[in-house]
Amino acid sequence: MNFQIAVIPGDGIGPEIINEAIKVLETIGKKYHHHFHFQKLLAGGCAIDKVGTCLPDETLDLCKKSDSILLGAVGGPKWDTLPGEQRPEKALLRLRKELNLFANLRPALLFPQLKDACPLKKEIVGNGIDICVVRELTGGIYFGEKGRKSSDIMGEIAYDVESYSVSEIKRIAKIAFEIAGKRKKKVTSVDKANVLESSKLWRSVVEEIANDYPDITLHHMYIDNASMQLIRDPKQFDVIVTSNMFGDILSDEASIITGSIGMLPSASLGNSTLGMYEPIHGSAPDIAGKNKANPIATILSAAMMLRYSFNLNKEAQAIEDAVTKVLKQGYRTPDLIHTEMQLVSTKEMGEQIIKNI
Ligand code: NAD
């Protein structure tokens with residue numbers, strides 16, 4: 001089969017980790033007789049430097065026409081002083097909105113081989129952690145009305161509005177329940193319904209949707225408690241469904257208990273098979289260009305692309321199995337080194353995964 005993949009390497013470590021994911025996909029293509037056509041596109045800080053905008057029209061057009069999008073990371077200190085609307089990260093928000101990618105799936109899986117890299121005590125981790133954070137991606141405070149105004153009494157005021165519609169909550173809740181149905185059948189909906197009106201609506205709509213899934217257990221949890229419970233007893237969670245901002249924060253927290261932020265993939269999905277796949281981490285400017293970045297999150301994002309956008313399940317599994325084997329063999333990028341293991345670079349990690357496919 002033929003697949004057209006729009007590739008956005010982006011900034012910082014983006015190009016390094018994307019190269020390894022492309023090589024892994026090419027290996028899968030050869031082994032399973034698929035043709036993956038990669039088209040590298042500009043977005044982020046590098047696009048600002050080259051063409052003066054973080055998301056050129058051509059990039060958006062070609063993304064819309066592709067079968068799927070694979071993204072590294074965007075942003076960095078060079079562009080930190082730009083006003084909000086012109087910053088590299090705006091490219092991601094616009095891509096998500098324009099492509100209506102409202103559901104962000106962030107599986108946080110602690111590989112048994114990485115237990116030593118997990119900062120939690122062994123008795124807390126037990127037999128492992130396997131959580132899927134389902135984050136709403138195109139609504140809430142990141143997309144709400146924002147601005148500044150001045151008042152005679154208080155001086156300058158800045159505001160960002162959190163708002164959710166019933167339909168936005170319904171569609172993300174349905175995805176969470178569907179995913180839970182294929183896992184341990186438990187959904188924890190995280191909100192701040194004791195304070196926020198938008199959370200009160202969130203809670204009542206999630207409860208309404210739960211009626212259609214009688215075999216799935218639903219729990220509600222406040223965000224402050226959830227962020228504590230994730231450290232105290234992460235094994236209690238199966239699927240977490242939450243708003244854009246709460247999901248952003250909770251999934252970073254979930255990432256570190258899996259050993260490193262360099263391990264966590266993500267899929268952003270909408271109503272069609274076109275999805276955007278990217279590691280959850282940023283452009284890691286502190287290690288960019290040093291061949292030190294962990295490419296596994298991006299490689300696992302490519303596996304998610306095969307599964308969710310192309311329905312190539314055994315090919316996705318082949319990548320995931322290869323990652324497990326490489327970790328069993330003891331290969332570790334610097335972010336994962338905690339005991340006597342074989343230290344490898346970004347490229348060497350990619351090569352080892354390819355060897356195991
Ligand atoms: P970051 O995720 O880039 O880095 C946080 C820490 O994790 C750093 O110490 C970094 O070295 C480490 N790290 C991240 N990815 C790693 C990997 N694959 N292997 C090994 N170590 C890794 O977060 P930050 O420092 O807050 O942000 C840096 C830039 O990235 C900022 O401009 C930010 O806006 C941007 N950002 C982009 C995205 C995205 O493109 N999706 C997401 C988050 C942040």
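Numbering of ligands and ligand atoms starts at 1, following listing order.
- The option from G75, P285, A293 that lies nearest to atom 28 (C) of ligand 1, judged by heavy atoms, is P285.
- Salt-bridge check for E162 with K146: failed, with every basic side-chain N at 4.0 Å or more from each acidic carboxylate O.
- For atom 26 (O) of ligand 1, no protein non-hydrogen atom is found at a distance below 4.0 Å.
- Of the candidates K290, H281, M349, the one placing a heavy atom closest to atom 15 (N) of ligand 1 is H281.
- Of all atoms in ligand 1, numbered sequentially from 1 with element shown, those under 4.0 Å from a heavy atom of A73 are 40 (O).
- Neither side chain, Y164 nor S199, offers a donor N or O lying under 3.5 Å from an acceptor on the other.
- Considering only heavy atoms from C-beta on, L70 comes within 4.5 Å of L25 through its side chain.
- In summary, the atoms of ligand 1 found under 4.0 Å from a heavy atom of G282, numbered by their order in the structure, are 1 (P), 2 (O), 3 (O), 30 (O), 36 (N), 37 (C), 38 (C), 42 (C), 43 (C), 44 (C).
- If you check each of L336, I256, D286, D80 against atom 11 (O) of ligand 1, the one with the closest non-hydrogen atom is D286.
- Closer than 4.0 Å to atom 30 (O) of ligand 1 lies at least one heavy atom of the protein.
- Looking from atom 12 (C) of ligand 1 to the surrounding protein, the closest heavy atom is I261 CG2, 4.2 Å.
- A salt bridge links R87 with D80: the distance from a Lys NZ or Arg NE/NH1/NH2 to an Asp or Glu carboxylate oxygen falls below 4.0 Å.
- Nearest non-hydrogen protein atom to atom 35 (C) of ligand 1 is V74 O, 3.2 Å.
- Residue contact check for ligand 1: I13 places a non-hydrogen atom closer than 4.0 Å to it.
- Given atom 34 (O) of ligand 1, the protein heavy atom at minimum distance is E89 OE2, 2.3 Å.
- For atom 4 (O) of ligand 1, the closest heavy atom belonging to the protein is A284 CA, 4.2 Å.
- For atom 38 (C) of ligand 1, a protein heavy-atom neighbour is present inside the 4.0 Å cut-off.
- Taking 4.0 Å as the cut-off between side-chain N and carboxylate O, K23 and E26 do not count as a salt-bridged pair.
- Numbered from 1 in the order shown, with element, the atoms of ligand 1 that lie under 4.0 Å from a heavy atom of G262 read 17 (C), 18 (N).
- For the residue pair Q229 and D233, no side-chain donor N or O sits within less than 3.5 Å of a side-chain acceptor on the partner.
- Listed by number with element, the atoms of ligand 1 under 4.0 angstrom from any heavy atom of G76 are 32 (O).
- Applying the 4.0 Å criterion to heavy atoms of E278 picks out, from ligand 1, the atoms 41 (N).
- Listed by number with element, the atoms of ligand 1 under 4.0 Å from a non-hydrogen atom of L92 are 39 (C), 40 (O), 41 (N).
- A salt bridge links D224 with K192: the distance from a Lys NZ or Arg NE/NH1/NH2 to an Asp or Glu carboxylate oxygen falls below 4.0 Å.
- Side-chain contact check for P9 versus E16: every heavy-atom pair is 4.5 Å or farther apart.
- Salt-bridge check for E156 with R148: passed, with a basic side-chain N closer than 4.0 Å to an acidic carboxylate O.
- When K186, R183, K185 are each tested for a side chain to side chain donor-acceptor pair (under 3.5 Å) with D238, only one passes: R183.
- One option in I287, N294, L71 has a heavy atom closer to atom 21 (N) of ligand 1 than any other, and that option is I287.
- Taking a cutoff of 4.0 Å between a charged side-chain nitrogen and a carboxylate oxygen, D49 and K78 qualify as a salt bridge.
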